[in-house]
Enquirer: 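One structure follows; several queries about it will come next.
Both counts, for ligands and for their atoms, begin at 1 and track the order of listing.
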Amino acid sequence: MKECKHLAIIMDGNGRWAKAKGLPRTAGHKVGADNVRTIAIAADAEGVRYLTLYAFSTENWKRSQDEVSYLMKLPAYLFRMYMKEFLQRNMRIRLIGDLRPLPDATRKVLLEAAEESEKNTGLSLIIAINYGSHDEILRAVNHYAEDIRAGRAEPGIDEAGFEQYLDTRDFPPVDLLIRTSGEERISNFLLWQIAYAEMEFIPESWPEFTPEVLHRCLEEYSKRDRRFGGVH
Ligand code: FPP
């Protein structure tokens, strides 16, 4: 099967899944967090090396205070439940997004998980939290401008140089982007990094996204003819 080195997923539909079952939206998020573990293991077994998951966007602060506060507690839940297993499986937790506005406790738990796993060489489980592509690109531009002012960089930058300022500087470009739950939009996720990614918009919600569904998506991906702007 064609290699999918970097898989990115917009984990949509937790709220609708819960509502359909007569449960509060937050119950969907909890099942969604448990599914992060299931899918990280399945993606690893499929040969994926980088799995980037959209856990919280720069726009998600607009949700109710209760829901935001619940979402902010999920990293602690995820790592309390599964960190031991992530470590045993040689997985490395990595982070993208602006962590500064997060509650102190959330930021701490995330940074500790990243630090604790930093020597691991298996799957990189990349959590995008308070992440937005526009925000990431603006932070990169402002950082570059600062470096020029301070004499650390020269004006005039190429693509490879600019990528060094992005949160994803250590990761390869995205090969496949999957969005669950039927919506067909990108919602400010990895805009630079998906320039040549394949896209799959699937009807299953994130809690319904099983290892079998992942396998089906990767099979579909391996049928695609990726030309990267060229002719074959
Ligand atoms: C979108 O579904 C999902 C989110 C905004 C949250 C995603 C978070 C998780 C799956 C938990 C993962 C946790 C960690 C720490 C990685 P939605 O609520 O917008 O669903 P809806 O469109 O049906 O309302």
Enquirer: Within the side chain of N35, is there an N or O that forms a donor-acceptor pair under 3.5 Å with the backbone of W206?
Expert: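 Yes.
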Enquirer: Under 4.0 Å between a Lys/Arg side-chain N and an Asp/Glu carboxylate O for K223 and E219?
Expert: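 Judged by the 4.0 Å cut-off on N to carboxylate O distance, K223 and E219 do not form a salt bridge.
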Enquirer: For ligand 1, indicate whether the residue W206 contacts it via side chain, backbone, both or neither (heavy-atom separation under 4.0 Å).
Expert: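 Near ligand 1, W206 shows its side chain, while the N, CA, C and O stay back.
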Enquirer: Is the shortest distance from a Lys or Arg side-chain nitrogen in R185 or E183 to a carboxylate oxygen in the other one below 4.0 Å?
Expert: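 Yes.
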Enquirer: Any N or O of N14 that comes nearer than 3.5 Å to an N or O of ligand 1?
Expert: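 So ligand 1 has an N or O lying under 3.5 Å from an N or O of N14.
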Enquirer: Considering only the protein, which heavy-atom contact is closest to atom 21 (P) of ligand 1, and what is its distance?
Expert: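 Ranking protein heavy atoms by distance from atom 21 (P) of ligand 1, first comes R16 NE, 3.5 Å.
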Enquirer: Verify, without hydrogens or angle tests, whether T168 (side chain) and F171 (backbone) share a donor-acceptor contact under 3.5 angstrom.
Expert: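 Pair absent, no side-chain N/O of T168 close to backbone of F171.
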Enquirer: Hey, is the main chain of R25 close enough, under 3.5 Å, to the side chain of Y70 for a donor-acceptor pair?
Expert: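 No, the answer is negative, given that no donor and acceptor are paired below the 3.5 Å cut-off.
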Enquirer: When you check the gap from the basic side-chain N to the acidic O, do E220 and R224 get nearer than 4.0 Å?
Expert: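 R224 and E220: salt-bridged.
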Enquirer: Under the side chain to side chain donor-acceptor pair (under 3.5 Å) criterion, do D34 and Y77 qualify, and how do the steps go?
Expert: CA-CA 9 Å; D34 291 326; Y77 169 76; 2.7 Å; yes
Enquirer: Could you find the nearest protein heavy atom to atom 1 (C) of ligand 1 and give me its residue, atom name and distance?
Expert: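 Minimum-distance protein heavy atom for atom 1 (C) of ligand 1 reads M11 O, 3.3 Å.
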Enquirer: Could you work out, for atom 8 (C) of ligand 1, the closest of A18, A55, G15, S205 by heavy-atom distance?
Expert: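 Minimum heavy-atom distance to atom 8 (C) of ligand 1 goes to A55.
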Enquirer: Please determine if L74 has a nitrogen or oxygen closer than 3.5 Å to a nitrogen or oxygen of ligand 1.
Expert: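 For ligand 1, there is no N or O atom that lies under 3.5 Å from one belonging to L74.
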Enquirer: Can you sort out the partners of D158 under side chain to side chain contact (heavy atoms under 4.5 Å, CB included), two or more places apart, ordered by chain and number?
Expert: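 Here the qualifying residues are A160.
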Enquirer: Give yes if a backbone or side-chain nitrogen or oxygen of Y54 is under 3.5 Å from a nitrogen or oxygen of ligand 1, and no if not.
Expert: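 No; every N/O pair is 3.5 Å or more apart.
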Enquirer: Would you check whether K19 reaches within less than 4.0 Å of ligand 1, judged by its heavy atoms?
Expert: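 K19 does not count as a contact of ligand 1 under the 4.0 Å cut-off.
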Enquirer: Can R25 be said to touch ligand 1, with heavy atoms closer than 4.0 Å?
Expert: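 R25 counts as a contact of ligand 1 under the 4.0 Å cut-off.
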Enquirer: Mind checking whether N60 has a heavy atom under 4.0 Å from ligand 1?
Expert: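 Contact present.
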Enquirer: Using a strict cut-off of less than 4.0 Å between a Lys/Arg side-chain nitrogen and an Asp/Glu carboxylate oxygen, indicate whether K2 and E198 qualify as a salt bridge.
Expert: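 Salt bridge absent between K2 and E198.
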Enquirer: Measure the distance from atom 19 (O) of ligand 1 to every protein heavy atom, then report the residue, atom name and distance (to 0.1 Å) of the closest one.
Expert: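 Residue, atom and distance for the closest contact: R63 NH2, 2.8 Å.
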Enquirer: Taking distance alone, with N or O pairs closer than 3.5 Å, would you say W17 contacts ligand 1?
Expert: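 So ligand 1 has no N or O lying under 3.5 Å from an N or O of W17.
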Enquirer: Flag G13 as yes when one of its N or O atoms lies below 3.5 Å from any N or O atom of ligand 1, and as no otherwise.
Expert: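 Yes; at least one N/O pair falls below 3.5 Å.
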